[in-house]
Amino acid sequence: MTELTDLTAVQLVDGYRKGEFSPLDATLAVLRRAEESQGAVNAFVRIAAEEAIAQATASTERWRRGEPQGLVDGVPVSVKDLILMRGGPTLRGSKTVRAEGKWNEDAPSVARLREHGAVFVGRTTTPEFGWKGVTDGPQSGITRNPYDTSRTSGGSSGGSAAAVAVGAGPLSLGTDGGGSVRIPAAFCGIFALKPTYGRVPLYPASPFGTLAHVGPMTRDAADAALMMEVITGPDARDWSQLGPVAGSFRTGIEGGVRGLRVAYSPSFGGQVAVRPAVAAAVRRAVESLAARGAYVEETDPDFSDPVEAFHTLWFSGAARVVQHLSPAQRELLDPGLREICGRGARYSALDYLAAVDTRMDLGRRMGRFHSTYDLLVTPTLPITAFEAGIEVPKGSGHRRWTGWTPFTYPFNLTQQPAATVPCGVDEDGLPIGVQIVAARHADTVVLRAAHALYEAGAGGIAPPTVG
């Protein structure tokens, strides 16, 4: 018998509609799974059992009357602890954030989920202010990989990825400024989408500026499409949000990949050293797209590594985050964060604008690239999950997390939609992800290709045993 915690959001809603089980049944099962896995994985800052049960009870009554409130009524959802949510503090992974206060405002994506009847089961862990690609820090400790708890979950949305992977709710809200939904999703064997910038309204504005996106972290592409129907609703607090969505994300994913022009770049033209197991799994996923009718060509986008421009923008944003802190408060910060903030504070306005120029040129190059190709497919990461509690793999020679994430942050610079789909495991049983990228505004094309991989079985890997 399938456990309720193993069902997708789409399957849960279908079960509610048919009366096979209730939102309260599903929520109680999810809360048990969250509690059982918390000690080993540490996916949550706070599990909101009492609030979730009350919300699920109300949802159960709505379904009993045949009057569901919205598209995800009764579906358990978790929210990364960088995203505002009324009723409790958003600590942002930092000891410098005071928990006192009213905390009475929802971020746009949370507000839309609440309007659609979602059940909020808890707040998920993040490194301090979401600054790096792994999830550990002074406020919430280390979040571990459900497939091997000696390994990292990735980050910065590591708690969300781990929560979905262990069955502690099929949907989670994450943020992505340089790969932060895609990195942990790839390490933890789930799906994640970084939408086109502005497609999901964001408030308050991120100090990392237009690098920062909010996106769904889910069991599969169909769940992400459902979630996108909800969280893309307009919100007047975000002046940079895009206009109304044309069409439906859910119906759009059914189109398949036949006739799509796919560029397959296994290593960005030899710029990235990719582990053989990762390369082989990604190639199999690409072959699956070709078998379903996509026109695949092995080719590379026309750019060199934009990491220095990304660092200028990212480190400047980090410096802005902590600008108001006293010297004593700065001593409480993650040492790595404190280091990059010092570097960010030394950049000049001209340095920043030069990085913007690099970003604009990269966007131009990718715009021209997508006039020829509908999709770009790459590994999500060149490696699988490494030891927990460290920023870079031992012996890698990398100084910062960007050294091992060269496939993710370029598409924050360009604001393009990018998703990761699990496509296999390595010799240690650790998940591998394939990244699918499209032109700006072509989010549905990304979801279509991802859904095709799931239909072909490429997205299916065995669940973790933790929890």
Side-chain angles (χ1 to χ4, degrees), residues 176-182 193-200 202 205-206 208-215 238-243 245-246 260-272 294-317 344 347-380 402-403 405-420 434-449:
D176 190 314
S180 289
V181 299
R182 290 161 289 155
L193 171 69
K194 178 188 76 67
T196 300
Y197 179 80
R199 177 50 63 209
V200 179
L202 177 64
S206 171
F208 297 104
T210 57
L211 294 172
H213 305 56
V214 173
D238 183 359
W239 63 270
S240 65
Q241 66 186 304
L242 299 177
V245 176
L260 289 182
R261 303 161 299 168
V262 176
Y264 166 44
S265 178
S267 62
F268 279 172
Q271 296 182 71
V272 182
Y295 298 113
V296 176
E297 179 182 346
E298 189 167 325
T299 188
D300 303 300
D302 176 29
F303 64 80
S304 56
D305 188 356
V307 68
E308 290 308 320
F310 179 80
H311 281 169
T312 300
L313 300 173
W314 191 253
F315 296 171
S316 297
Y347 289 126
S348 70
L350 290 178
D351 293 329
Y352 193 93
L353 291 173
V356 171
D357 286 343
T358 298
R359 181 182 194 180
M360 293 172 69
D361 182 64
L362 182 61
R364 175 187 64 83
R365 290 171 184 266
M366 289 307 301
R368 294 187 65 178
F369 184 83
H370 284 291
S371 67
T372 302
Y373 301 101
D374 299 299
L375 295 172
L376 169 66
V377 177
T378 75
T380 306
T402 44
T405 62
F407 294 111
T408 59
Y409 56 76
F411 306 111
N412 292 81
L413 290 166
T414 61
Q415 303 185 342
Q416 294 171 246
T420 182
V434 57
Q435 180 175 236
I436 303 171
V437 184
R440 291 177 73 244
H441 314 294
D443 302 71
T444 303
V445 182
V446 172
L447 288 167
R448 277 172 57 192

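One is the number of the first residue; the rest follow in order along the sequence. These numbers come from a predicted model, not from an experiment.
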Item checked: Full working for side chain to side chain contact (heavy atoms under 4.5 Å, CB included) between Leu193 and Asp176 -> CA-CA 9 Å; Leu193 171 69; Asp176 190 314; over 6 Å; no

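- A 4.5 Å side-chain heavy-atom check between Leu376 and Gln416 finds every atom pair outside the cut-off.
- Between Val437 and Leu375 there is no side-chain heavy-atom pair separated by less than 4.5 Å.
- Contact annotation: the side chain of Glu308 never approaches that of Thr312 to less than 4.5 Å [non-hydrogen atoms, C-beta and beyond].
- Closest non-hydrogen pair, Pro417 versus Ala442, comes out as CG-C, 4.0 Å.
- Residues that satisfy the salt bridge (charged side-chain N to carboxylate O under 4.0 Å, His left out) test with Asp361, not counting sequence neighbours, are Arg364, Arg365.
- Of the possible donor and acceptor atoms, none in the side chain of Lys194 sits under 3.5 Å from a partner among the backbone N and O of Gly177.
- Going from atom OG1 of Thr210 over to atom CG of Leu313 covers 8.0 Å, rounded to the nearest 0.5 Å.
- The shortest side-chain heavy-atom distance between Arg368 and Asp302 does not fall under the 4.5 Å cut-off.
- No side-chain heavy atom of Arg440 sits under 4.5 Å from any side-chain heavy atom of Arg199.
- The main-chain N or O of Ser265 is never found under 3.5 Å from a side-chain atom of Asp300 such that the two would form a donor-acceptor pair.
- Annotation for Tyr347: atom OH counts as buried by contact number, over 12 foreign heavy atoms lying within 6.0 Å.
- Closest non-hydrogen pair, Phe268 versus Pro410, comes out as CE1-CG, 4.5 Å.
- Counting heavy atoms from C-beta on, the side chains of Tyr264 and Thr299 never come closer than 4.5 Å.
- Rounding to the nearest 0.5 Å places OG1 of Thr408 at 7.5 Å from CZ of Phe310.
- By the 30° and 60° cut-offs, the orientation of the rings of Phe208 relative to Trp314 is parallel.
- Partners of Asp374 under the salt bridge (charged side-chain N to carboxylate O under 4.0 Å, His left out) rule, at least two apart in sequence or in another chain, are Arg261.
- Contact of the Ser304 side chain with the Gln271 side chain is registered, since non-hydrogen atoms from C-beta on lie closer than 4.5 Å.
- Distance OG/Ser267 to CZ/Phe407: 6.5 Å, rounded to 0.5 Å.
- With rounding to the nearest 0.5 angstrom, the CZ atom of Phe315 is 13.0 Å from the CG atom of Asp351.
- Remark: side-chain polar atoms of His213 are paired, donor with acceptor, to backbone N or O of Leu211 under 3.5 angstrom.
- Of the N and O atoms on the side chains of Thr196 and Asp443, at least one donor lies less than 3.5 Å from an acceptor on the other residue.
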Notebook entry, point to check: Yes or no on side chain to side chain contact (heavy atoms under 4.5 Å, CB included) for His441 and Leu242, after CA distance, side-chain angles and deciding distance?
Noted result: CA-CA 9 Å; His441 314 294; Leu242 299 177; 3.7 Å; yes

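- Here the options are Thr420, Thr405, Thr380, Asn412, the test is side-chain hydrogen bond (donor to acceptor under 3.5 Å, both in side chains), and the partner is Arg182; only Asn412 passes.
- Take Glu297 and apply the salt bridge (charged side-chain N to carboxylate O under 4.0 Å, His left out) test, not counting sequence neighbours, and it matches no residue.
- Summarising the geometry of Phe369 relative to Ala263, their closest heavy-atom pair is CZ-CB, 3.4 Å, with the distance given to 0.1 Å.
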